[in-house]
Peer 1: 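The structure that follows is given in the form of structure tokens.
Numbers restart at 1 for each chain; the letters A, B, ... are given by sequence-line order, proteins then strands.
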Number of protein chains: 2
Amino acid sequence: MTDTDSSPTLERKRGSGVKMVYDLLRDEILDLVLPPGSPIDEVQLAERFKMSRTPIREALVRLAGEGLIDTLPNRSTMVSSIDFLNMHTFFDALVLMYRVTTRLAAQHHRPEDLQIIRARQAEFAAAVQAQDALAMIATNAAFHSAIAEAGRNTYFIGLFNRLLDEGRRMLRLYYQSYGDQLPQRFVDEHEDMITVIAARDVEAADQLAKVHAEQIVTQIKRLFTRDERLDIAL
Amino acid sequence: MTDTDSSPTLERKRGSGVKMVYDLLRDEILDLVLPPGSPIDEVQLAERFKMSRTPIREALVRLAGEGLIDTLPNRSTMVSSIDFLNMHTFFDALVLMYRVTTRLAAQHHRPEDLQIIRARQAEFAAAVQAQDALAMIATNAAFHSAIAEAGRNTYFIGLFNRLLDEGRRMLRLYYQSYGDQLPQRFVDEHEDMITVIAARDVEAADQLAKVHAEQIVTQIKRLFTRDERLDIAL
DNA sequence: TGTCGATTTCTTGTCGACAAATAAAATACA
DNA sequence: TGTATTTTATTTGTCGACAAGAAATCGACA
């Protein structure tokens with residue numbers, strides 16, 4: 001365990017403890033530092049962050065609310081497993097959210113949204129260029145999340161972000177062991193999407209998003225069928 | 001304050017306290033017993049349920065996670081307001097979820113699902129027959145929630161239930177003051193939906209759900225434009 | 001040796017109390 | 001009388017401790 005506490009006064013601001021634990025736990029779960037099934041021990045976290053169990057518990061309740069951890073009553077709590085059996089469920093929702101968020105972005109985006117989207121696309125292109133698979137996953141998710149934000153529908157944004165998180169977990173499970181690369185084609189498709197969004201061409205945006213999403217789903221399915229060690233995550 | 005505690009030993013089962021508070025708070029919020037903007041006092045709830053503040057706080061964290069209450073850091077927490085300005089956002093999501101859940105129900109339903117759906121429809125018809133507006137709202141939501149369950153996509157089920165909850169709050173805001181009735185037409189449309197779902201006619205299910213959803217949206221909009229005292233809920 | 005039951009242990013859920021942060025009230029000052 | 005500043009009060013966030021529940025360990029008995 002690394003102790004990065006160098007401050008002499010270890011007093012944190014009042015409400016920041018839970019957010020810190022929540023953010024860090026969340027990142028560790030999505031990055032598979034805590035793989036599915038990992039036990040979450042409250043007292044261990046408490047002494048790790050040098051705080052009481054109360055704020056730890058609040059962070060855990062939040063994570064449980066988002067489905068990132070599962071809590072057995074009166075028993076242990078652990079990182080939720082990835083549901084490989086109902087994968088089509090995930091794909092259905094992902095494709096639909098890709099489409100509807102891109103549609104709405106074409107309808108409701110403002111100039112400043114395009115700036116953000118283009119910045120995310122630049123980061124994604126850089127990650128592809130550098131063949132950094134992990135960065136590709138993160139920047140790709142950030143790109144589409146930015147598009148969803150431009151669509152300005154909080155309900156879709158919320159569901160979409162959850163799906164992107166889950167996808168980040170699944171992809172990382174495979175990319176970390178194979179080091180695949182997302183093809184340059186995705187970069188080009190992103191560029192096309194930006195173009196039609198800027199042109200406010202709703203139908204074209206929908207069509208592009210559909211093709212793009214199915215492309216990604218195909219890519220994921222290919223990874224899964226090629227590799228059969230699905231038993232890792234229970 | 002009514003004291004319904006008649007048991008001499010007021011010991012509850014270990015994990016049941018939070019669920020009880022959560023369920024009751026949730027119902028009171030959705031039924032507008034606690035209208036938007038109502039302050040939520042932890043100590044008051046603590047002595048009302050004769051328990052410590054800790055389980056109360058856990059229930060509140062969960063409710064905040066679902067967006068039913070808003071928490072100001074270090075200050076008060078109150079029932080979240082209904083966002084009338086971005087209503088179209090709600091309608092967009094509602095219509096889409098109506099369509100996709102009905103589609104999926106037509107695809108994936110099993111015989112036992114139809115039994116449940118028909119039971120919900122019977123309850124809805126009875127509420128319409130009795131001209132009980134509040135029961136109509138609840139049974140209509142339960143009917144469509146049952147269809148979503150038959151679709152077996154947890155992501156859509158989760159978002160749809162949230163939307164139905166929010167709709168329940170909005171409708172109750174108006175029905176409780178006007179005593180309107182949902183027309184018999186909705187009962188007939190429900191019957192048609194059951195028929196096409198049972199026949200596994202996906203496209204017809206989608207089309208019926210679309211018309212039905214837009215019908216409901218029109219109904220809600222009519223209520224809102226007819227009445228201009230939107231300032232009630234801030 | 002194997003099975004059932006009691007005991008121990010370990011984790012969670014709950015409690016009462018204290019401290020920090022903010023709002024409200026009271027006081028000082030022009 | 002109006003405004004700024006200090007004081008009080010109320011509410012939240014955090015803590016340490018205790019008790020309940022369930023798995024694990026141990027022991028009795030056939």
Peer 1: Test your reading of the model: is there a side-chain donor-acceptor pair from B/R48 to the backbone of B/A46, 3.5 Å cut-off?
Peer 2: no
Peer 1: Can you tell me the distance, in whole Å, between the CG atom of B/L72 and the C1' atom of D/dT12?
Peer 2: 12 Å
Peer 1: Take B/D165 and B/R169 through the salt bridge (charged side-chain N to carboxylate O under 4.0 Å, His left out) test and state the conclusion after the steps.
Peer 2: CA-CA 6 Å; B/D165 285 346; B/R169 225 157 58 119; over 6 Å; no
Peer 1: Do B/H88 and A/N153 pair up side chain to side chain, a donor and an acceptor below 3.5 Å, judged on atom types alone?
Peer 2: no
Peer 1: For A/D70 and A/S80, which I'm curious about, is there any donor-acceptor pair between the side chains at under 3.5 Å?
Peer 2: no
Peer 1: How many Å lie between NZ on B/K19 and P on C/dT14, as a whole number?
Peer 2: 14 Å
Peer 1: What is the distance from CG of B/L60 to P of D/dT14, rounded to the nearest Å?
Peer 2: 15 Å
Peer 1: Using whole Å, report how far CD of B/E47 lies from C1' of C/dC15.
Peer 2: 15 Å
Peer 1: Contact class for B/I40 vs. all strands (heavy atom < 4.0 Å): base, sugar-phosphate, or nothing?
Peer 2: sugar-phosphate
Peer 1: Would you kindly compare B/T77 and A/S52 by the position of their nearest DNA chain D nucleotide and give the one closer to the 5′ end?
Peer 2: B/T77
Peer 1: Provide, to the nearest angstrom, the distance between the CG atom belonging to A/L45 and the P atom belonging to D/dC15.
Peer 2: 14 Å
Peer 1: In whole angstrom, what separates A/K50's NZ from D/dC15's C1'?
Peer 2: 17 Å
Peer 1: Starting from the 5' end of DNA chain C, give me the residue, A/R14 or A/V43, whose nearest nucleotide shows up first.
Peer 2: A/V43
Peer 1: Tell me what A/E42 touches on the nucleic acid: a base, only sugar-phosphate, or nothing, going by heavy atoms under 4.0 Å.
Peer 2: sugar-phosphate
Peer 1: How close or far is atom P of C/dT22 from atom NZ of A/K13, stated in whole angstroms?
Peer 2: 12 Å
Peer 1: 5'-most contact on DNA chain C: B/P73 or B/G17, nearest heavy atom basis?
Peer 2: B/G17
Peer 1: Expressed in angstrom and rounded to an integer, what is the separation of B/F49 atom CZ from C/dC15 atom P?
Peer 2: 13 Å
Peer 1: Do any side-chain nitrogens or oxygens of B/R57 fall under 4.0 Å of OP1 or OP2 in D/dG13?
Peer 2: yes
Peer 1: Does one side chain, of B/D113 or B/H108, offer a donor that lies under 3.5 Å from an acceptor on the other?
Peer 2: no
Peer 1: Mapping B/S76 and A/N74 to their closest nucleotides on DNA chain D, which lands nearer the 5' end?
Peer 2: B/S76
Peer 1: Out of D/dC15, D/dG13, D/dA17, which has the shortest distance to the side chain of A/R53?
Peer 2: D/dA17
Peer 1: Is a donor-acceptor contact shorter than 3.5 angstrom present between the side chain of B/R75 and the base of D/dG13?
Peer 2: no
